[in-house]
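Note on naming: letters A, B, ... go to the chains in the order of the sequence lines (proteins, then strands), and numbering restarts at 1 for each one. Keep in mind that what you see is a predicted model, and the values were worked out from it rather than measured. Below, each value reflects all heavy atoms present in this structure, side chains not excepted, and no hydrogens, waters or symmetry copies.
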Amino acid sequence: MAQITNTHTVISGDGNSYCGNIKDSFNTVYKSDDDQQIMRWLSPLEPADRHHGVRTNRFEGVGDWLLETSEFREWRNSDGGVNKAVLFGSGKPGVGKTYLR
Amino acid sequence: MSGGILWGERISLTAGNTSSLVIDSLCDQARREDIAIACLYCDFLAQKEQTTTNMIGAILKQLVSREEIPRDVRQAFQDGKREVGGRRLLLRDLVQMLKIATASLHQVFICVDALDEYLPKELPELLQSLRDIVRESPRTRIFLTGRPHVEEAILKYFAKAVVIPICPNPDDIRNYLEMRLDKDDEPEAMNHALRTDIVKTISEKMSDMCVGTFGVSPISAMYTYK
């Protein structure tokens with residue numbers, strides 16, 4: 001049976017060791033009350049929590065094709081500048097917005 | 001069809017799925033500490049809290065949570081506390097703080113999911129702020145998802161944005177259906193021919209939809225089949 005996990009075929013490794021970003025920040029415990037206050041002051045939103053929820057329910061292998069497209073690769077590897085900054089994934093109406101459950 | 005597990009259920013192999021996949025892929029490939037990644041998920045149900053200031057603040061929050069909070073952020077917070085009721089954060093201050101926080105980074109990736117769920121009257125401000133961020137921090141890459149109607153707004157701020165249609169491919173759909181059928185709680189009601197038929201018909205209908213049949217939802221495609 002298919003496993004519902006965050007692993008997919010395109011990449012390997014858990015990435016946690018070097019990615020001090022979203023994955024880890026979900027579990028970040030700020031040392032002081034002051035730091036927590038600053039974080040709340042910056043924004044009440046907790047997108048890292050939402051990300052954790054979405055990725056937990058993601059279906060293995062689905063959408064991997066996107067990561068292999070030249071559009072995605074060029075966007076990811078480009079050197080910079082406003083002109084090459086944005087990639088927009090456009091989903092047609094009716095495809096549904098709720099992520100896979 | 002036993003158990004009715006497929007009928008009427010919204011299948012989405014895109015949207016949050018795609019954004020979270022992109023984010024994790026970037027994270028896994030970002031094998032250096034000088035690459036930072038932040039995500040934002042727009043949500044109809046959270047439009048009230050999802051102001052542009054809160055969204056940009058959430059980007060900064062994710063970037064500074066990686067290590068020690070930068071001195072200028074701490075200072076701005078302390079300065080704000082001295083004012084009655086606490087000073088409200090201003091967008092331009094956030095963009096400046098982002099600039100400082102990302103100055104030493106090789107690359108910054110920002111992913112914003114489901115822009116069509118963002119309050120339409122706030123969308124221009126959000127896009128303008130993202131453009132300000134890219135101008136101030138040129139090594140920023142931005143991945144956006146949303147329904148096609150937000151493309152026009154995006155192109156106003158990022159005229160050279162690359163648009164890539166997101167659509168579950170036939171393999172995605174087949175894999176998903178197989179997974180769901182494996183989970184059927186009444187397997188005795190299923191036989192091989194029916195199973196093959198279900199997978200074939202639904203994946204064909206969904207693929208047809210994706211090559212340009214507007215106005216047909218996966219749900220109605222399934223009901224048609226039923």
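A donor and an acceptor atom, one from each side chain of S90(A) and R147(B), are nowhere located under 3.5 Å apart.
Interface check for chain A: of the options C111(B), A46(B), A161(B), the most heavy-atom pairs under 4.5 Å are formed by A161(B).
Contacts of Q37(A) with chain B are made by both backbone and side-chain atoms, with heavy-atom separations under 4.5 Å. When heavy atoms are compared at a cutoff of 4.5 Å, L66(A) approaches chain B solely by way of its side chain, counted from C-beta outward.
Closest heavy-atom contact between L26(B) and F72(A): CD2-CZ, 4.3 Å. Looking at every heavy atom in both residues, A85(A) comes nearest to T140(B) through CB-O, 3.8 Å. Shortest non-hydrogen contact noted between S43(A) and G57(B) is CB-C, 3.5 Å. In this structure, L42(A) and K61(B) approach most closely via the heavy-atom pair CD1-CA, 4.0 Å.
The CD1 atom of I35(B) lies 10.0 Å from the CZ atom of R76(A); values are rounded to the nearest 0.5 Å. Atom CZ of F77(B) and atom CZ of R40(A) lie 8.5 Å apart (nearest 0.5 Å). Taken from CD1 in I37(B) to NE2 in H51(A), the straight-line distance is 9.0 Å, to the nearest 0.5 Å. Taken from CD1 in I69(B) to CE in M39(A), the straight-line distance is 4.0 Å, to the nearest 0.5 Å.
Partners of T102(B) by side-chain hydrogen bond (donor to acceptor under 3.5 Å, both in side chains), not counting sequence neighbours, listed by chain and number: S137(B). When the side-chain hydrogen bond (donor to acceptor under 3.5 Å, both in side chains) test is applied to K99(B), the partners found at least two apart in sequence or on another chain are E136(B).
Taking the six-membered ring for Trp and thresholds of 30 and 60 degrees, F143(B) and W75(A) have ring planes inclined between 30 and 60 degrees apart.
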